[in-house]
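I have placed the structure first, in the form of structure tokens, so that the comments after it can refer back to it.
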Amino acid sequence: MQQSPVVMTDSFSNLSLAEPLARAVAEMGYETMTPIQAQAIPVVLTGRDVMGAAQTGTGKTAAFSLPLLQRLLKHENSSTSPARHPVRALVLLPTRELADQVAQQVKLYAKYTNLRSAVVFGGMDMKPQTLELKRGVEVLVATPGRLLDHIEAKNAVLGQVEYVVLDEADRMLDIGFLPDLQRILSYLPKQRTTLLFSATFSPEIKRLANSYLKDPVTIEVARPNETASTVEQHFYSVTDDDKRRALKQIVRQRGITQAFVFVNSKLGCARLARSLEREGLKTTALHGDKSQDERLKALAAFKAGEVDLLVATDVAARGLDIKDVPAVFNFDVPFNAEDYVHRIGRTGRAGASGLAVTFVSGSDGRLVADLEKLLKKKVDLEAIEYEDDRPRGRINDGRRAWREAGELGDPRDALDAPRPREREREREARPSRPAAAPRDPFFDQPYQAPATEQPPAWEQGAKPAPSRVSANIKSKRKVPALFKAQ
DNA sequence: AAAAAAC
């Protein structure tokens with residue numbers, strides 16, 4: 001590995017980009033390169049493999065697409081291929097919205113060239129994508145699943161790919177994506193340039209990533225996993241019941257005009273969005289159980305400022321570039337510490353200031369501890385002074401079950417609590433408990449099946465009633481313990 | 001304790 005060369009100037013005009021590219025860049029109003037651009041562009045221009053870590057919102061897309069287009073222009077493909085425009089550069093992303101966004105940017109940069117680009121992702125009709133692929137494109141932007149579909153349908157031929165970019169590379173290399181990714185890579189020539197970019201790289205992923213790179217140049221503009229210094233971060237101790245009221249209060253007190261609100265589950269996402277909407281806040285939900293049409297509409301409405309709160313799962317955590325979003329709420333502490341860095345990267349973009357608020361409830365001790373380890377910083381838990389005096393919610397501190405909220409303890413303390421087996425031993429050591437209360441005799445009667453079994457309504461031709469939340473969300477409502485299988 | 005990515 002080798003350090004990137006020192007660049008003395010950071011103006012796009014000093015890059016000697018091909019005229020059509022320079023024109024597009026100028027037209028977009030870009031003059032000065034961001035640090036990641038200044039470091040990555042000259043390296044990518046040499047054709048070397050790159051592993052690039054830079055904070056989100058600092059122009060990574062231009063950092064790889066401009067030099068890539070430049071190389072495609074400079075080195076005309078000399079091979080006699082069946083297609084007149086074989087795919088020469090492939091850009092892979094972990095979400096459809098991100099693929100869409102990157103594809104739009106690539107189109108803008110390539111506007112004055114004769115290079116063709118296209119984007120393919122799931123949830124959309126195959127046919128228009130197929131047509132575009134058959135006509136031939138040099139630059140293909142894609143999500144993994146749909147790309148494999150096109151490969152297997154022989155719509156996309158990747159035998160002449162010279163450049164592969166894995167954006168959000170750590171996500172692309174994680175266990176959920178790796179099999180698809182490996183299959184895609186198996187269709188590509190071994191002789192090629194591979195570029196990996198992300199804001200976060202765990203040590204394990206870094207090692208894995210290196211096995212896909214040949215003699216790479218590592219570019220680290222910021223310490224990996226670092227959050228932008230322009231983002232003011234707060235962690236509030238709340239009960240699960242009080243999160244919504246805390247959210248509304250902070251939005252009002254700080255005069256927040258627009259915010260991302262991240263939650264950990266699709267169902268929670270739909271529910272929270274609905275509840276906030278009912279309370280008169282302009283809210284929309286974005287998660288993977290929505291149709292692609294709804295997803296794109298939700299994002300567009302948020303972008304256009306028609307919606308103030310975008311309640312989203314981690315589908316929106318990475319890369320989405322929406323200007324001037326002043327705040328991000330982590331309604332739930334993210335399961336992966338890395339995702340915290342990505343989520344709060346939705347605000348404070350391009351040097352702007354931003355606010356990141358995370359709600360920490362009783363069972364989040366482990367997640368907060370993980371986060372502290374990643375950020376190499378102690379998290380300072382703050383209390384919220386509620387304006388209203390409705391009763392507070394109850395605390396589930398993960399070790400003592402529910403107790404009334406008097407004062408909020410530090411959930412990290414629960415990590416020092418005795419482990420289950422030790423707890424078991426403690427219980428055994430205790431004097432025997434008082435006799436159990438007498439049971440309701442009803443539950444002791446054996447179950448009596450009805451005399452005639454009626455087939456369920458849906459088998460009689462009736463349509464199942466749509467779920468109250470959203471027709472395409474599977475209900476995850478808990479079965480009452482009494483009826484649970486043993 | 002989940003989400004994402006194909007039909």
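So that the names make sense, note that chain A is the first sequence line, chain B the second, and so on, each numbered from 1. Just so we're clear, the structure is a prediction, and the values are computed from it rather than from any experiment.
- Out of B/dA2, B/dA6, B/dA3, the shortest distance to the side chain of A/R171 is found at B/dA3.
- Remark: aromatic rings of A/F262 and A/F331 are distant, center separation not under 6.0 Å.
- Regarding contacts with the backbone of B/dA6, every side-chain N or O of A/R183 stays at 4.0 angstrom or more from both OP1 and OP2.
- OP1 and OP2 of B/dA3 both lie 4.0 Å or more from every side-chain N or O belonging to A/T95.
- A search for salt bridge (Lys or Arg N to Asp or Glu O under 4.0 Å) contacts involving A/K377 returns nothing, not counting sequence neighbours.
- Between A/Y340 and A/F335, the ring center distance fails the sub-6.0 Å criterion.
- In this structure, the CG atom of A/N336 is 12 Å from the C1' atom of B/dA1, given to the nearest Å.
- Among the protein residues, A/L148 comes within range of no part of the nucleic acid, since none of its heavy atoms lies under 4.0 Å from any strand.
- The aromatic rings of A/F260 and A/F302 sit perpendicular to each other, their planes meeting at more than 60°, with 30° as the lower class boundary.
- When each of B/dA6, B/dA4, B/dA2 is scored by its nearest atom to the side-chain atoms of A/T313, the top-ranked nucleotide is B/dA4.
- As judged by a 4.0 angstrom heavy-atom cut-off over every strand, A/R295 is placed among residues touching the sugar-phosphate backbone only.
- Across the protein-nucleic acid pair, A/R366 atom CZ and B/dA1 atom P stand 15 Å apart, rounded to whole Å.
- Atom pair A/Q292:CD and B/dA4:P shows a separation of 11 Å (rounding to whole Å applied).
- Distance, A/L267 CG to B/dA3 C1': 13 Å, rounded to whole Å.
- Picking from B/dA2, B/dA4, B/dA6 the nucleotide with the shortest atom distance to the side chain of A/R96 gives B/dA6.
- Atom CG in A/L286 sits roughly 12 Å away from atom C1' in B/dA4 (whole-Å rounding).
- As rounded to whole Å, 10 Å separates atom C1' of B/dA3 from atom CG of A/D174.
- In this structure, CG of A/D364 is placed 14 Å from C1' of B/dA2, rounded to the nearest angstrom.
- Nucleic acid contact for A/G288: sugar-phosphate only, since backbone atoms but no base atoms lie under 4.0 Å from a heavy atom of the residue.
- Here the P atom of nucleotide B/dA2 and the CG atom of A/L367 are 12 Å apart, to the nearest Å.
- Rounding to the nearest 0.5 angstrom, the gap separating the OG1 atom in A/T61 from the CG atom in A/D321 is 7.5 Å.
- Using a 4.0 Å heavy-atom criterion, one finds that A/D339 contacts no nucleic acid atom at all.
- For B/dA1, the OP1/OP2 oxygens have no side-chain nitrogen or oxygen of A/S363 closer than 4.0 Å.
- No donor-acceptor contact under 3.5 Å links the side chain of A/D314 to the base of B/dA2.
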